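What follows is one structure encoded as structure tokens, with my remarks underneath.
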Amino acid sequence: MGSVSPSSVMDIFNLLKACCSQSCNYIMTYGGTFSSLASEVGQLKDKSSDVKRDVEAATRDGQTPRSEVLGWLSSVQDMEGEAESIERKYNQKIKCLCSFPLNVCSAYRLRNRAEAALATIRELKQSAEFTKLADNLNLTRSIKMPTTKTIGMEKVFEELLCHAKDDSLSVIGIHGMGGVGKTALLRRFNNDFPSETEADVVIFLELSIDYKLEEVQKSLFERLSLTWQDEVTHRDRATKLFRVLSTLKFILLFDNLWEPLNYQVVGIPLPAPPSKCKIIFTTRTEDTCSHMGTEKMIKMECLEEEAAWNLFRNSARMDVIDADKNVRIEARDLVKECGGLPAALIVLAQAMAPKKTWDEWIHALTIMKDTPHQLPGMTNNVFSILKLSYDRLSSDDLRVCASYGALFKKGSRIGKYNIRNLLIGEGIIDNVQNPIDADNKTQFLLGILHAASLTVRVHDDYFTMHPMTRAMILWVQRECGKKENKWLVRDRDRVEEAPAAEKWRDAERIALVWNQIRDLPEAPQCPNMIFLNLHVNKFLRKIPNGFFLHMPHLKILDLQETSIEELPVSIGNLMQLHFLELSRTRITSLPKEMAALVNLKYLSLESMKYLRTIPDRLISGLRELQWLDMVDSYSGWREGQTWEGGVSFEELESLKRLKVIGITVSTLAALQNLCDSPRLAAVTHWLHIEGCQDLTVFNIPSTDFHAETMLRLIRIQLHAMSELEEVVIGNRQSILLPLVELRLSSLPKAKLVWRPTFPNTLVALKIERCGAIDRLIKLEGEANGSGETVITIFPYLRTMVLRRLPELKSLSDGERILNFPWLKTIKVEDCPKLTKLTLVADGLKEIECERSWWEQLNWGDEQTKSFQHLYNSM
């Protein structure tokens with residue numbers, strides 16, 4: 001028998017050792033494999049449950065699960081079955097005490113199967129991060145809406161398209177008055193824009209006036225094909241909407257928003273720029289735009305004349321217009337009455353389509369001017385629409401304020417101060433401390449009307465009212481056309497006769513302004529009248545003695561700029577009168593019966609140059625008086641302790657509610673007495689000084705007269721003082737005045753001087769008939785000696801009026817050029833030597849002057865040339 005070498009033995013031993021080592025290791029890790037499989041399967045089941053839940057939610061929301069998600073869920077289900085089978089067989093194996101299988105071969109095959117399942121499960125887990133579980137395949141991308149003609153809206157439509165394509169804009173608001181075409185514009189956008197966008201869905205919702213949250217949510221659910229459940233809370237619905245919309249590129253179009261929409265409460269995700277998602281809405285109010293987080297506002301204006309004509313012609317077939325030149329002329333005038341409002345133009349076209357004769361068109365024009373509600377369709381399709389804006393004003397005060405705008409001529413500019421005075425008469429503005437407070441409240445109320453599209457702002461101090469808005473308000477106030485005499489309005493119609501006495505019986509408000517009325521009814525019965533305006537009837541010289549006998553509720557009476565020379569004694573019957581305007585009348589003496597006007601709050605005697613007599617104790621009898629304007633008027637104040645002639649300042653002092661006074665003085669003694677009265681000086685807001693022949697220098701402010709006591713003085717007017725040589729602004733006084741206006745007139749020797757210590761607050765400077773003024777203002781002191789070439793001395797001046805200044809050559813002082821950073825308007829008249837506009841005024845908007853003066857101006861330098869486009873005819 002041969003011997004075995006030691007090396008062979010070692011080889012055999014190593015081979016057996018390696019084999020046994022692998023088997024032992026395999027046996028030792030056998031149980032761990034199945035434990036890992038159980039753990040991984042558990043995790044996969046958890047993930048699968050999450051995906052199933054989301055898929056079920058998406059399915060309930062009308063979405064279709066994606067194929068890859070369904071395939072993954074199917075694979076998971078298969079692997080769950082495989083894992084259960086492996087686990088079952090594993091548990092059936094006969095194991096030794098150490099849990100090792102006795103049948104190693106079959107266990108080996110089972111373990112390989114488990115490891116393969118484990119690898120597959122891990123792959124399924126890794127592929128479970130889906131970007132999207134379901135598709136909106138059931139959504140209709142957009143639904144076309146019926147719409148009306150959008151003739152004349154091409155420019156605003158292109159603007160809307162441009163903004164809608166801008167990814168930096170997410171919320172766009174379209175605002176404008178009722179009937180201007182906002183809905184037509186938005187419907188056209190809904191119909192045309194989807195072809196130009198990547199949006200998944202375009203949703204158009206027209207909301208009711210007082211829409212509810214549930215209404216908005218339900219409309220969105222229906223449009224998104226979501227299941228609506230009545231028992232679900234608003235919050236849960238919002239959550240569902242938010243979840244669905246967040247997966248979409250959406251464009252939401254909301255038409256006719258009256259109140260701001262709360263995105264969060266509804267469930268609308270607010271797009272964060274840059275984004276393809278858009279929220280676009282229409283509204284009548286700017287406030288809604290502001291509260292909706294609007295990033296771009298589009299104001300829809302009425303149509304220009306030619307566009308209005310084209311819309312009118314295309315809204316109905318009217319062959320007679322082409323056939324008859326005279327009819328065409330009347331048709332043009334009819335179109336103008338609509339003020340470019342599309343809703344009115346369409347109604348007018350439909351109403352006029354069957355009219356074939358010139359006489360019919362003439363009559364229609366008469367109706368359109370006086371009672372447009374009589375045209376077919378105008379009440380339901382125009383006035384009712386506009387009335388919504390009026391009715392939804394938040395207070396009766398606002399409706400009164402808007403209504404007064406309808407008492408002015410169609411298309412005219414209405415002054416803020418006119419409305420302010422009427423609101424004082426109505427008691428809406430009451431007990432104010434100064435005119436600025438009254439102005440601010442008026443501006444605030446008008447601002448609300450502007451934002452509600454009931455008025456149109458044309459200037460800080462003026463506004464207009466659209467002719468159809470005005471017609472609607474008159475229709476409303478006349479009880480929807482049932483009582484045409486309730487509001488009698490004839491403004492600038494060249495009326496020569498007042499309405500017949502029987503028409504006054506039903507009247508509440510009568511405005512016969514800027515006419516040629518000569519006579520009034522003797523004693524009209526006016527049981528309901530509260531407002532009467534006869535402003536600017538130059539031919540009216542006498543009011544009948546019994547005229548005011550039967551007006552027990554009259555609150556506002558305006559007789560300014562009539563030629564009346566006296567008031568009838570029946571004025572004393574107006575016990576409820578709050579407001580009396582007598583400015584620029586020819587009245588020489590006030591009747592003692594005026595003392596009976598115990599509720600009078602506002603009395604204006606401004607520019608009553610003929611007024612010489614005010615009966616003793618008349619003014620003191622007006623115990624409710626808050627506002628008294630006697631600028632450029634009565635100046636016969638009693639001086640000293642004499643009891644002869646004139647009204648004493650003590651009478652004015654007795655008026656406990658007096659808050660605002662404008663007063664005229666013609667002697668230094670009267671001026672001193674006024675300043676020495678703490679009660680009157682404290683409420684003096686307008687001071688008119690005339691005569692005073694001993695006055696040679698007037699300082700602003702002046703410790704001699706007004707600076708220490710008249711701390712509310714906002715306007716000074718110096719007039720007809722032949723010896724006055726200097727009006728000095730500055731005078732090194734530390735007292736601050738709120739002075740906003742300075743007027744100089746008929747001062748033959750006076751010049752305007754400025755000293756740099758005065759903190760100037762002037763807003764308006766008006767100079768006329770001052771023959772010695774050769775430059776706007778003479779600089780003294782530090783300003784004259786400074787090295788600056790451009791000096792700002794009137795930092796807040798907005799208006800400069802220069803009239804009949806024969807020697808005026810420059811608006812600056814030598815080499816010192818004046819800068820007016822806030823100046824908006826310059827008015828120049830009869831200043832022949834002023835041939836160059838040497839000033840700096842970067843914000844200047846207009847220069848109102850005569851064409852002949854404008855054409856002879858020297859435009860030699862660049863600064864002057866910058867004013868060439870600012871001409872405005874005087």
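Just so we're clear, the structure is a prediction, and the values are computed from it rather than from any experiment.
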- If we ignore angles and hydrogens, is there a donor and acceptor under 3.5 Å between the side chains of Tyr390 and Ser403? yes
- Message: Assess whether a salt bridge exists between Asp632 and Lys609, defined as any Lys/Arg side-chain N lying under 4.0 Å from an Asp/Glu carboxylate O.
- Response: yes
- Item | Greater than 12 external heavy atoms within 6.0 Å of Glu497's CD | no
Can you list, pair by pair, the side-chain donor-acceptor contacts under 3.5 Å of residues 513-523, counting residues two or more places apart and other chains?
residue : atom : partner : partner atom : Å
Asn515  : OD1  : Asp493  : N            : 3.0
Asn515  : OD1  : Arg494  : N            : 3.0
Asn515  : OD1  : Val495  : N            : 3.0
Asn515  : ND2  : Arg490  : O            : 2.7
Asn515  : ND2  : Val513  : O            : 3.2

- Message: Treating Thr288 as the side-chain partner and Thr283 as the backbone partner, does any N or O pair qualify as donor plus acceptor under 3.5 Å?
- Response: no
- Item | Side-chain donor/acceptor of Thr825 to backbone N/O of Glu846, under 3.5 Å | no
- Task: For the pair Glu829 and Lys827, find out whether any cationic side-chain nitrogen is under 4.0 Å from an anionic carboxylate oxygen.
- Result: no
- Heavy-atom side-chain proximity of Arg541 to Arg586 below 4.5 angstrom: no
- Aromatic plane relationship, Trp627 with Trp686 - under 30° parallel, 30 to 60° tilted, over 60° perpendicular: tilted
- Query: Using 30° and 60° as the class limits, which term best fits the ring planes of His373 and Phe383: parallel, tilted or perpendicular?
  - Reply: tilted
- Heavy-atom side-chain proximity of Thr613 to Thr588 below 4.5 angstrom: no
- Query: In a check of salt bridge (Lys or Arg N to Asp or Glu O under 4.0 Å) between Glu624 and each of Lys659, Arg657, Lys656, which one passes?
  - Reply: Arg657
- Enter the distance from Thr379:OG1 to Gln374:CD here, rounded to the nearest 0.5 Å. 9.0 Å
- Message: Counting neighbours of CD on Glu305 that are heavy atoms of other residues, nucleotides or ligands and sit closer than 6.0 Å, is the number greater than 12?
- Response: no
- Side-chain H-bond candidate by donor/acceptor type, Asn533 with Glu581, under 3.5 Å: no
- Query: Taking atom CZ of Arg769 as the centre, does the number of heavy atoms from other residues, nucleotides or ligands within less than 6.0 Å exceed 12?
  - Reply: yes
- Inspect the contact between Lys824 and Asp460 and indicate whether a charged nitrogen and a carboxylate oxygen are less than 4.0 angstrom apart. no
- Message: Would you say that more than 12 heavy atoms from the other residues, nucleotides or ligands in this model lie under 6.0 Å from the CZ of Arg505, or not?
- Response: no
Show me the donor-acceptor pairs within less than 3.5 Å that the side chains of residues 549-561 make with the rest of the protein, sequence neighbours left out.
residue : atom : partner : partner atom : Å
His550  : NE2  : Gln525  : NE2          : 3.4
Lys555  : NZ   : Glu426  : OE1          : 3.4
Asp558  : OD1  : Gln560  : N            : 3.0
Asp558  : OD2  : Gln560  : NE2          : 3.2

- Salt-bridge contact Lys416-Asp439 (side-chain N to carboxylate O under 4.0 Å): no
- Trp822 side chain vs Gly843 backbone, donor-acceptor pair below 3.5 Å: no
